[in-house]
Amino acid sequence: MAAPDFWSNRERAQADVEEVSRLRSLINPFQQLEREIEDFGALQELAAEESDPTHRAQAEREVATEHDRLAHMLDEFELRQFLSGENDRANAFVTIHSGAGGTESCDWADMLLRMYQRWIERSGFKSQTVDIQQGEEVGIKSVTLLVTGEYGYGHLQTERGVHRLVRISPFDANKRRHTSFASVDVVPEIADTAPIEINPADLEIGTFRSGGKGGQNVNKVETAVRILHKPSGIVVACQAERSQGRNRELAMKMLKAKLYQLEEDKKRAEIERQYGEKGEIAWGNQIRSYVFQPYQMVKDHRTGAETSNVQAVMDGDIDMFIQAKLRGEKNTKGEDKEL
């Protein structure tokens, strides 16, 4: 990077800068941990040498507090080592689709959207609504978010799959228990230099008026863009921006990301077929159940992680499920048939 001709090839230079940034993000926390542990050892020695009982008790409390802080730092560092995939540091496109069931499923998709938005906010990420289709009565039929922040995809990829809700429906006058489904798809925002080629002849591009509550251009000019990739059948849409050009650019980026993920899933499916493993991220594969009635329980069927604090989960406290999946924990208890 210090070479005079480093920026002569801008594309290569940018790739080098990103690689250096990635390596620093691995090395710097490790070196910091080493220094902190050395300081902790010195703090322990000072506490042990304290002769005054009052001062010694205070020093031991400081040691205990520092120990807990270091343990948390070590836990965070360990977790980061599992985020070593090619695109784990990338931003993520998160798409939620309501399942069959009309009003009930649209409401469930809306609840999941709120849950993820809360998690995004409390985790220090940012999100932008790229496209949304409102339900006919309540909730949403589908929504796509662009989640930005380091390791956004690495964390959220663990949420891919079908999420099931069991509750007494607020829309049923007879107060019967209903089961609703919604699917979550997550793909990384890939670089423009990624090896994904799209033939313009394979695309069917249409424009439509953006939905929303009004405002300049909204519902007046056809700024929203919908793209159909005919060979794969993938449809993407974007209505986040005011200009049609920017919406088209973002929609193309989303299409590339989905095509890239499609190829990755094919490779993974082939590997799992050869090794006789069952894929865990295929569409239609239920990953988690959220039971509101007759008891309260959220259980991840892949890892066995579960909690009875349903309200906390719906408020975005889903780190226990994400971390369990990243750490590769498996469900050894067997699936709860009631769930």
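Reckoned from all heavy atoms, side chains included, excluding hydrogens, waters and symmetry mates. Positions are given from 1 along the sequence.
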### Message
Tell me whether D315 is salt-bridged to R114, with the criterion being a basic N under 4.0 Å from an acidic carboxylate O.
### Response
yes
### Query
Are the side chains of Y116 and I96 in touch, meaning some heavy atoms are under 4.5 Å apart?
yes
### Query
Under a 4.0 Å N-O cut-off, is there an ion pair linking K325 with D300?
no
### Summary
residues 145-169 vs ring-ring contact (aromatic ring centres under 6.0 Å, His included), sequence neighbours excluded, gives H163-Y290
### Query
S98 side chain to K141 main-chain N or O, any donor-acceptor pair under 3.5 Å?
yes
### Message
Strictly distance-based, threshold 3.5 Å: is any side-chain N or O of S123 a donor or acceptor partner for the main-chain N or O of F125?
### Response
no
### Query
Which atom pair, heavy atoms only, marks the closest approach of R160 to R302?
O-NH1, 4.3 Å
### Query
Looking at side-chain heavy atoms only, is the closest gap between V235 and R226 below 4.5 Å?
yes
### Task
Starting from the C-alpha separation in whole Å, work towards a yes-or-no answer on side-chain contact (heavy atoms from CB on, under 4.5 Å) for H229 and D202.
CA-CA 6 Å; H229 184 251; D202 292 337; 4.2 Å; yes
#### Entry: Connected via hydrophobic side-chain network under 4.5 Å: W7 and M1
yes
### Query
Side-chain heavy atoms under 4.5 angstrom apart, residues restricted to Ile, Leu, Val, Met, Phe, Trp, Tyr: same cluster for V225 and I198?
yes
### Message
Would you compute the distance between atom CG of L255 and atom CD1 of I196 and round it to the nearest 0.5 angstrom?
### Response
9.5 Å
### Summary
Interatomic distance, OG@S21 vs CG@D16, rounded to 0.5 Å, equals 12.5 Å
### Query
OG of S180 to CE of M111: how many Å apart, nearest 0.5 Å?
9.0 Å
### Query
Has the side chain of Q14 got a donor or acceptor atom that lies under 3.5 Å from a matching backbone atom of E11?
no
### Query
Backbone N or O of E241 within a donor-acceptor pair of the N247 side chain at under 3.5 Å?
yes
### Message
Does atom CD (E137) have a neighbourhood of more than 12 heavy atoms from anything else shown, all under 6.0 Å?
### Response
no
### Message
Can you tell whether the side chains of E121 and K126 come within less than 4.0 Å, N to carboxylate O?
### Response
no
### Message
For a side-chain contact (heavy atoms from CB on, under 4.5 Å) check, start with the C-alpha distance between E36 and E66, then their side-chain angles and the critical distance, and finish with the verdict.
### Response
CA-CA 10 Å; E36 299 250 9; E66 186 65 10; 3.8 Å; yes
### Task
Determine whether the side chains of W119 and D317 contain a donor N or O and an acceptor N or O closer than 3.5 Å.
no
### Query
Of the non-hydrogen atoms in S105 and G99, which two are nearest, and what is the gap between them?
CB-O, 3.2 Å
### Message
Would you say Q261 and D265 are linked by a side-chain donor-acceptor pair, where the criterion is simply a distance under 3.5 Å?
### Response
yes
#### Entry: L146 side chain reached by S127 side chain, heavy atoms, under 4.5 Å
no
### Task
State which residue, out of K299, M320, H301, fulfils the side chain to side chain contact (heavy atoms under 4.5 Å, CB included) condition with E306.
K299
### Query
Do I234 and L262 come within less than 4.5 Å of each other through their side chains, counting heavy atoms only?
yes
#### Entry: side-chain contact (heavy atoms from CB on, under 4.5 Å) between F93 and L145, intermediate numbers included
CA-CA 6 Å; F93 287 105; L145 301 177; over 6 Å; no
### Query
Run the salt bridge (Lys or Arg N to Asp or Glu O under 4.0 Å) check on R35 and E38 step by step: do they pass?
CA-CA 5 Å; R35 290 192 297 269; E38 286 180 11; over 6 Å; no
### Query
Only one of R69, R327, R80 forms a salt bridge (Lys or Arg N to Asp or Glu O under 4.0 Å) with D75, so which one is it?
R327
### Task
Establish, from distance only, whether the side-chain atoms of Q239 and D131 form a donor-acceptor pair under 3.5 Å.
yes
### Query
Heavy atoms, side chains only, cut-off 4.5 Å: are T179 and L165 in contact?
no
### Query
How close do F321 and V313 get, heavy atom to heavy atom, and via which atoms?
CE1-CG2, 3.9 Å
### Query
Mind checking whether V310 and M297 have side chains closer than 4.5 Å, heavy atoms only?
no
#### Entry: Check ion pair R56-E60 (N to O, under 4.0 angstrom)
yes
### CD-NE2 distance between E76 and H72, expressed to the nearest 0.5 angstrom
4.0 Å
#### Entry: Hydrophobic cluster membership, V187 vs L203, 4.5 Å side-chain cutoff
yes
### Minimum side-chain heavy-atom gap Q58-E50 below 4.5 Å
no
### Task
For R246, look at atom CZ and say whether over 12 heavy atoms of other residues, nucleotides or ligands are found less than 6.0 Å away.
yes
### Query
Are L79 and L33 connected, step by step, through hydrophobic side chains (Ile, Leu, Val, Met, Phe, Trp, Tyr) whose heavy atoms are closer than 4.5 Å?
no
### Task
Tell me, yes or no, whether the heavy-atom count around E136 atom CD, taken from other residues, nucleotides or ligands under 6.0 Å, exceeds 12.
no
### Query
Roughly how far apart are I37 CD1 and L43 CG, rounded to 0.5 Å?
13.5 Å
### Query
Is any side-chain N of the basic residue among R167 and E104 closer than 4.0 Å to the acidic one's carboxylate O?
yes
### Message
Please find the pair of heavy atoms, one from R248 and one from I227, that lie closest to each other, and give the distance.
### Response
O-CD1, 4.4 Å
### Message
Can a donor-acceptor pair be found, under 3.5 Å and without considering hydrogens, that links the side chain of D52 to the backbone of H55?
### Response
yes
### Message
Quick one, L156 and T158 - any side-chain contact, counting heavy atoms below 4.5 Å?
### Response
no
### Query
Got a sec: does the CZ of F30 have more than 12 other heavy atoms crowding it under 6.0 Å?
no
### Criterion salt bridge (Lys or Arg N to Asp or Glu O under 4.0 Å) against E189, the qualifying member of K258, K253, R89
K253
### Message
Would you say Q244 and T223 are linked by a side-chain donor-acceptor pair, where the criterion is simply a distance under 3.5 Å?
### Response
no
### Message
Distance alone, cut at 3.5 Å: any donor-acceptor contact between the side chains of S84 and Q81?
### Response
no
### Query
Do N87 and E264 get their side chains close enough for a donor-acceptor pair, meaning under 3.5 Å?
no
### Task
Specify the closest pair of heavy atoms between N91 and G149, including all atoms of both residues, with the distance to one decimal.
OD1-N, 3.0 Å
### Message
Is there a side-chain contact (heavy atoms from CB on, under 4.5 Å) between Q296 and Q311? Walk through the geometry before answering.
### Response
CA-CA 9 Å; Q296 294 197 330; Q311 189 56 54; over 6 Å; no
### Query
Just by distance, do the side chain of D110 and the backbone of D107 share a donor-acceptor pair under 3.5 Å?
no
### Query
When you check the gap from the basic side-chain N to the acidic O, do K230 and E204 get nearer than 4.0 Å?
no
### Task
Please answer: with hydrophobic residues joined when any side-chain heavy atoms are less than 4.5 Å apart, are L26 and L83 in the same cluster?
no
### Summary
dist L250:CG -> S243:OG (nearest 0.5 Å) comes out at 10.0 Å
### Task
Looking only at non-hydrogen atoms, find the nearest pair between M254 and T144 and report the distance.
SD-CG2, 3.4 Å
